[in-house]
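Excluded from the calculations below are hydrogen atoms, water molecules and symmetry mates; all remaining heavy atoms, backbone and side chain alike, are included.
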Amino acid sequence: MSKTIDMEVLASLCKRRGFIFQSSELYGGINGFWDYGPLGCELKRNVKDAWWKTMVRAREDVVGLEASIIMHPAIWKASGHADGFADPMVDCKECRKRFRADQLCEEQGLALIKNGSAFALPADAACPACGSKNLTEPRSFNLMFKTFVGPVEDESNLAWLRPETAQAIFAQFNNILATARQKVPFGVAQMGKSFRNEINPRNYTFRSREFEQMELEYFIRPDEAVKLICGRVATLADNPDLAGEPQADWGWEVWHRYWVEQRLAWYRAIGLPAADLNQHWQTGDELAHYARACVDIEYAFPFGVQELEGIAARSDFDLSQHQKHSGKQLDVFDEALKQAVDRLDADAKDHCTQRIVAAWTGRGKSGEEARAFAVKLYEGKYVPHVIEPSAGTDRLALALLCNAYDEETITDEKGKTDQRTVMRFHPAIAPIKLGVFPLVKNKPPLYAKAREIFAKLQRRWPCFWDESGAIGRRYRRMDEAGTPWCVTVDFQTLDDGTMTLRDRDSMKQVRLGISELIEKMDAEIG
Ligand code: GAP
């Protein structure tokens, strides 16, 4: 269920407290670009750190990559982006506004008409701004930002800003394989900026023109290789234990589902409630022609249930495309496969080839391709298949902001009511973990003690020192920043070393010594 938050109220808090600013605001802003302020950049960093920790550092089978944003333009030819990464665009001839044709139709409960690679508008489509039906026919608009490498601005120096981080992983596959001491199945993770010249940036930071992605390309054996090695291919019907250790006999379908479960568990672990997460399994036309399955993990934003991450089973499409376009081999040698194949006699190989040809031709591939694949397989080689969990960092930061936002009416001991705005972030992703306050600032021993405690805590976590205003006001400021705890150092601290720890959500206070405090925070931040 979507939370009922006015996005303008959230955007205003984000600006006021330094989470998100409009890019270039001083000059009137620039549509589709956003800056993260002091709190926002900490929030985003925590999101990325949490992702990297779970996806790379906590696993033995995933390594990282940090590639350049501008790459050889041939990469985008091979990937299909140069020719096919486009959205259909329409203009209103009356008010001159521009829209994405598919979004315009969807919002009006209509279906955009597809004729091969061309599009047409249904007769009832109207301009969302002025209501006119005088719209242009949809035209394809490539979303990649162009630039030129070097001083000469001609076609031979044309380059693109990457529209996704994924392609660099495929382009560097051989180098990673040669250096990382990994064997299939293994993954390569990358996070970083991507750029898309979106026709209609909208919903605050949700659809931006510059954004960050966190992508994993997880390389697996083709099912045919699994079958030869293990004698069987486990499917979902076998009820594999998806929370347990991956198994050698898993086919692509199980690996795909495993990553869906892993990613959902991670979203829950950083504080998104299970009830607000949705799985949208793409069907028919929604699926890219090479994809065997794709699930969108969606979050119930205040403006609708929308995609946070796509998890696609992309077969061997990407590596095969780069192999074809670069002329370099991107296959792997699999020792276990070679040993399994060496145990087969000629009849068994013939039988296996027939099975492969039947399955491949059933999927619309040629018999020749299938036989070439089988020949490689008998040498112990194949082009790995890939499962791709691809998430948007900014979208996730926005989901976490929406999820955290809360307003509540509180009543004090005297019965006086007040409204408080509180950002209920999970402690692991909260920008500041602890506010540290001296009760008063004009008592030197108390002040010095508070500074000493602050210095000790700040070495471990991002803390915020606040000595100005009444304690209640200092709490309120930390509530708006989403700080899970505040520590107040008072006169008793000078006597027995204990201080009050105030919890952001319950507003309850307890007295603790420094080592108890550190223990509690370690346990809760994780
Ligand atoms: N490599 C696959 C890929 O890029 P995608 O579904 O186009 O797939 C993956 O993008 C994720 O990147 C999306 O689920 C979304 O979170 C994020 N993303 C895509 N376009 C975006 C945009 N214009 N603004 C913000 N995030 C975006």
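- In this structure, Cys105 and Leu121 approach most closely via the heavy-atom pair SG-CD2, 3.9 Å.
- Pairs passing the ring pair (Phe, Tyr, Trp, His ring centres under 6.0 Å) check and including a residue from residues 333-361, sequence neighbours excluded, read Trp360-Phe373.
- The closest side-chain heavy-atom distance from Cys402 to Tyr299 is below 4.5 Å.
- Partners of Asp394 under the side-chain hydrogen bond (donor to acceptor under 3.5 Å, both in side chains) rule, at least two apart in sequence or in another chain, are Tyr36, Lys44.
- In this structure, Arg371 contributes its side chain and Thr353 its backbone to no donor-acceptor pair below 3.5 Å.
- Judged purely by distance below 3.5 Å, without hydrogens or angles, the side chains of Glu286 and His280 pair a donor atom with an acceptor atom.
- Here salt bridge (charged side-chain N to carboxylate O under 4.0 Å, His left out) pairs that include residues 155-181, with residues two or more places apart or in two chains, number zero.
- With a 4.5 Å cut-off on side-chain heavy atoms, Leu216 and Trp259 count as touching.
- The six-membered or imidazole ring of Phe219 lies near that of Phe173, with a centre-to-centre distance under 6.0 Å.
- In this structure, Asp318 contributes its side chain and Gln167 its backbone to no donor-acceptor pair below 3.5 Å.
- The heavy-atom pair separating Ala248 from Val226 by the smallest distance is O-CG1, 3.8 Å.
- Atoms CD1 and CG, from Ile356 and Asp223 in turn, are 11.0 Å apart once rounded to the nearest 0.5 Å.
- With rounding to the nearest 0.5 angstrom, the OG atom of Ser140 is 6.5 Å from the CZ atom of Phe119.
- A salt bridge does not link Asp49 to Arg45: none of the charged nitrogens lies less than 4.0 Å from a carboxylate oxygen.
- In this structure, Pro122 and Ala111 approach most closely via the heavy-atom pair CG-O, 3.5 Å.
- Note that the CG atom of Asn403 and the CZ atom of Phe425 stand 9.5 Å from one another [nearest 0.5 Å].
- Closest approach of Pro427 to Lys433, counting heavy atoms only: O-NZ, 2.8 Å.
- Of the possible donor and acceptor atoms, none in the side chain of Arg207 sits under 3.5 Å from a partner among the backbone N and O of Ile199.
- Under the 4.5 Å side-chain criterion, counting only non-hydrogen atoms from C-beta, Phe301 is not in contact with Asn203.
- Within the structure, salt bridge (charged side-chain N to carboxylate O under 4.0 Å, His left out) contacts touching residues 253-262 (residues at least two apart or in different chains) are Arg257-Glu261.
- Interatomic distance, Glu298 CD to Asp276 CG, rounded to the nearest 0.5 Å: 12.5 Å.
- In summary, the aromatic rings of Phe303 and Phe206 are positioned with their centroids under 6.0 Å apart.
- Contact annotation: the side chain of Val254 never approaches that of Asp249 to less than 4.5 Å [non-hydrogen atoms, C-beta and beyond].
- Checked by atom type and distance alone, the side chain of Asn142 never pairs as donor or acceptor with a backbone atom of Asn197 at under 3.5 Å.
- Under the 4.5 Å side-chain criterion, counting only non-hydrogen atoms from C-beta, His81 is not in contact with Leu143.
- The stretch residues 311-331 participates, sequence neighbours left out, in these ring pair (Phe, Tyr, Trp, His ring centres under 6.0 Å) pairs: His289-Phe317, Tyr290-Phe317.
- When side chains are defined from C-beta on, Gln182 does not count as touching Ile176, because their heavy atoms never get closer than 4.5 Å.
- Around the CG atom of Asp285, the shell of radius 6.0 Å holds no more than 12 heavy atoms that belong to other residues, nucleotides or ligands.
- Residue Lys324 qualifies as open at atom NZ: its count of foreign heavy atoms under 6.0 Å is 12 or below.
- Other residues, nucleotides and ligands contribute over 12 non-hydrogen atoms within 6.0 Å of the CD atom of Glu335.
- Taking Arg263 as the reference, Glu309 meet the salt bridge (Lys or Arg N to Asp or Glu O under 4.0 Å) condition, with sequence neighbours excluded.
- Side-chain N or O atoms of Asn278 include none that pairs as donor or acceptor with a backbone N or O of Val305 at under 3.5 Å.
- Pairs of residues two or more places apart, or lying in two chains, that qualify as salt bridge (charged side-chain N to carboxylate O under 4.0 Å, His left out) and include a residue from residues 79-88 are Lys77-Asp83, Asp87-Arg100.
- A donor-acceptor pair under 3.5 Å is formed between the side chain of Asp345 and the backbone N or O of Asp347.
- For the salt bridge (Lys or Arg N to Asp or Glu O under 4.0 Å) test, no residue two or more places apart in sequence or in another chain qualifies with Arg268.
- Distance alone, capped at 3.5 Å, places no donor-acceptor pair between the Asp296 side chain and the Gln282 backbone.
- The shortest distance between side-chain heavy atoms of Gln108 and Asp124 does not fall below 4.5 Å.
- Heavy-atom neighbours of Lys376 NZ from other residues, nucleotides or ligands within 6.0 Å: above the threshold of 12.
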Tell me which donor-acceptor pairs under 3.5 Å the side chains of residues 517-526 have, and how far apart each pair is, sequence neighbours excluded?
| residue | atom | partner | partner atom | Å |
| --- | --- | --- | --- | --- |
| Lys520 | NZ | Glu524 | OE2 | 2.9 |

Practice task
Would you check, one step at a time, whether the test side chain to side chain contact (heavy atoms under 4.5 Å, CB included) holds for Gln321 with Gln323?
Solution key: CA-CA 5 Å; Gln321 281 295 102; Gln323 185 165 271; over 6 Å; no

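- For the pair Asp35 and Ile20, the minimum side-chain heavy-atom distance is 4.5 Å or more.
- Using a 4.0 Å cut-off between a side-chain N of Lys or Arg and a carboxylate O of Asp or Glu, Glu212 and Lys48 qualify as a salt bridge.
- Expressed to the nearest 0.5 Å, how far CG of Leu377 lies from CG of Leu337 amounts to 5.0 Å.
- With Ser194 as the fixed residue, the side chain to side chain contact (heavy atoms under 4.5 Å, CB included) test singles out one of Gln213, Arg209, Glu210: Gln213.
- Atom CZ of Arg314 sits about 10.5 Å away from atom CG of Leu319, to the nearest 0.5 Å.
- Phe145 and Phe33 have tilted rings, their planes meeting at an angle from 30° to 60° on a 0 to 90° scale.
- Partners of Glu217 by side-chain hydrogen bond (donor to acceptor under 3.5 Å, both in side chains), not counting sequence neighbours: none found.
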Exercise for the section: Please test Phe85 against Ser79 for side chain to side chain contact (heavy atoms under 4.5 Å, CB included), starting from the C-alpha separation and ending with a verdict. Expected result: CA-CA 10 Å; Phe85 192 56; Ser79 69; over 6 Å; no

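- Of all heavy-atom pairs spanning Leu65 and Val188, the tightest one is CB-CG1, 3.9 Å.
- Counting only residues at least two apart or in different chains, side-chain hydrogen bond (donor to acceptor under 3.5 Å, both in side chains) contacts with residues 54-63 comprise Thr54-Trp266, Arg59-Asp61, Arg59-Tyr258, Asp61-Tyr218.
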Show the atom names and distances, to 0.1 Å, of all donor-acceptor pairs under 3.5 Å that link a side chain in residues 380-392 to residues at least two apart or in another chain.
| residue | atom | partner | partner atom | Å |
| --- | --- | --- | --- | --- |
| Tyr382 | OH | Asp334 | OD2 | 2.6 |
| Ser390 | OG | Glu215 | OE2 | 2.5 |

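- Counting all heavy atoms, side chain and backbone alike, Thr165 lies closest to Gly192 at CG2-O, 3.6 Å.
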